[in-house]
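Here the structure comes first, spelled out in structure tokens, and everything after it is commentary.
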Amino acid sequence: MDVIWVSPIYASPNDDNGYDISDYQAIMAEFGTMEDFDRMLEGIHARGMKLVMDLVANHTSDEHRWFVESRKSVDNPYRDFYIWKDGVDGKAPNNWGGCFSGSAWEYDATTGQYYMHLFSKRQPDLNWANPKVRDEIFKMMTWWCDKGIDGFRMDVIGMIGKESFEDGKVAPGALYGDGSPFYQHTETTHRYLREMREKVLDKYDLITIGEAGGGTGDAIRYSSLDGRELNMTFGFEHTDGINEHTELGKWSDKGAPLDEVREIMNRWELDLQGKAWNTVYLSNHDQPRQVSRFGNDAPLWREKSAKMLGTLLHMMRGTPFVYQGEELGMTNIYFKSIEEYKDVEVFNAWRQWIDSGLVDPTDMLRWYAKIARDNARTPMQWNTEKHAGFTTGTPWIRVNPNYLEVNAETEVNDPDSVFNYYKKLIELRHTHDVIVYGDFEPLLTDDPSVYAYRRTLDGETLTILLNWTDRTAPCALADDSLGETLISNYDAHKPGSLYPYEARVLLKRG
Ligand code: TEU
């Protein structure tokens, strides 16, 4: 591992697992003190690694002192740190829905106005149009850079440049309008990012990763090789974009079909090639466990498919991101009741669709079990001790009962584990330039079972073959003539075919 991205550890009431910050320059008590942070940073650097912090600057917590002041009166010096507007005919200023269900506006009786919150009502959006807000954020970023951190992952950075507050289109069956054309990927956002680069980023040697979403055109603008904005961005097309997206948003029975995932990931590789640097991931704290969603978490196939997915990600062009527990092949937890969940995104959707009687609770619980964010937030499974060694207290959310088989201690000591397979993948990236810099070329793009692509650089050709299914699949490329097998999740191979979830990487020189 080269870089550690740590989710928000700042002071926060935890309405949204720390993405609601009440003090950008203090550490959340549950995680320790600033001295603990300093020791951690020193230890990371001593091991030759870097630390990327999570910059959450589109919004703060409603407990941040800026918002506490802002809501006191319409003429408070901090009023314009946030987006306040009068209601229209006793309703919200416009018809925008929020990303966590409900309206994007909350009425505040103290001053009789509404404030905007694209996420939970306890996450008021900052008003980036106010230069004082930008200066305060840039000052805070500088403070962290002077402490020696190595970069920022920038939360929903594509939303900071709100340009208009007119009503959005209301999709059939939707309860609110879509405001995203007026706040996502605007020219104003790009202008703020260039200002951030000039006033902060260019003064340090930083890794800058935008959680921006959008299409490849947006990614190229945010992370073009001219270095005027960011180094790379996260796209959501292959993780959120493949969802059903009915009026219920992402909540549906739809899975992650190979042809859709492959088309999107290949398109991002090809569109960005030579223009911008890609990020490569299937997991993070907002997504379900990848082996449950894209692979097969049945005990018979969990390890094989986890290794196959790891191969897909680590042989691609772009920076692979390994989410905590992915390297163990951790799985969804399959909660059975709403009471087991902790996520504000889950609770808000429940209130909007179940409490209103619009959706059957059985359906919603089935969808939550597939793709709710809490699936990836269950405690890290360290060992076979109580609570998987995560705590001697009471875990904040239930531990996945499969921790007796799936845990770090067992896997570190098992040469055939997902963990040790990931170590080999990372080692290969460190020793083969063709993996990092090689041109990307899709193969077998219509194959119903096999995801295949080729990487080439300086006379070296890497052929990556991945059977996405639980059945042996025919594959003419699975042949020793394509070179030595660099890595595979099977010890033996059948010429002309791939075993269930078989990953095979062949390297040919000259
Ligand atoms: O997520 C942005 C975002 O769009 C999320 O709503 C995510 O895409 C969605 O949950 C997936 O279905 C960022 C953070 O990663 C997330 O944890 C925060 O909740 C959110 O911003 C607000 O800060």
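Residue numbers start at 1 and run along the sequence shown. Both counts, for ligands and for their atoms, begin at 1 and track the order of listing.
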Show me a pair-per-line table, with atom names and distances to 0.1 Å, of protein N or O atoms that are under 3.5 Å from an N or O of ligand 1.
from: ligand 1; atom 1: 1 (O); to: E211; atom 2: OE2; distance (Å): 3.0
from: ligand 1; atom 1: 1 (O); to: D286; atom 2: OD2; distance (Å): 3.3
from: ligand 1; atom 1: 8 (O); to: D240; atom 2: OD2; distance (Å): 3.2
from: ligand 1; atom 1: 10 (O); to: E345; atom 2: OE2; distance (Å): 3.1
from: ligand 1; atom 1: 12 (O); to: D240; atom 2: OD1; distance (Å): 3.3
from: ligand 1; atom 1: 12 (O); to: K250; atom 2: NZ; distance (Å): 2.6
from: ligand 1; atom 1: 15 (O); to: R153; atom 2: NH2; distance (Å): 2.9
from: ligand 1; atom 1: 15 (O); to: E211; atom 2: OE2; distance (Å): 3.4
from: ligand 1; atom 1: 15 (O); to: H285; atom 2: NE2; distance (Å): 2.8
from: ligand 1; atom 1: 15 (O); to: D286; atom 2: OD2; distance (Å): 2.4
from: ligand 1; atom 1: 17 (O); to: H285; atom 2: NE2; distance (Å): 3.0
from: ligand 1; atom 1: 17 (O); to: D286; atom 2: OD1; distance (Å): 2.7
from: ligand 1; atom 1: 17 (O); to: R373; atom 2: NH1; distance (Å): 3.2
from: ligand 1; atom 1: 19 (O); to: D16; atom 2: OD1; distance (Å): 3.2
from: ligand 1; atom 1: 19 (O); to: D16; atom 2: OD2; distance (Å): 2.6
from: ligand 1; atom 1: 19 (O); to: R373; atom 2: NH1; distance (Å): 2.8
from: ligand 1; atom 1: 21 (O); to: D155; atom 2: OD1; distance (Å): 3.0
from: ligand 1; atom 1: 21 (O); to: D155; atom 2: OD2; distance (Å): 3.2
from: ligand 1; atom 1: 23 (O); to: H59; atom 2: NE2; distance (Å): 3.0
from: ligand 1; atom 1: 23 (O); to: D155; atom 2: OD2; distance (Å): 2.7

Pick one: which of L258, D259, N296 meets side-chain contact (heavy atoms from CB on, under 4.5 Å) with W468?
->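 Of the listed residues L258, D259, N296, the side-chain contact (heavy atoms from CB on, under 4.5 Å) partner of W468 is L258.
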
Do you see a donor-acceptor pair shorter than 3.5 Å between the side chains of W367 and D253?
-> yes

Can you list the steps and then say if W251 with Y368 is a ring-ring contact (aromatic ring centres under 6.0 Å, His included)?
-> CA-CA 7 Å; W251 309 114; Y368 284 173; 4.7 Å; yes

Between [X] and [Y], how do the two ring planes meet: parallel, tilted or perpendicular, split at 30° and 60°?
X    : Y    : answer
Y115 : W84  : perpendicular
H285 : Y19  : parallel
Y192 : W128 : tilted

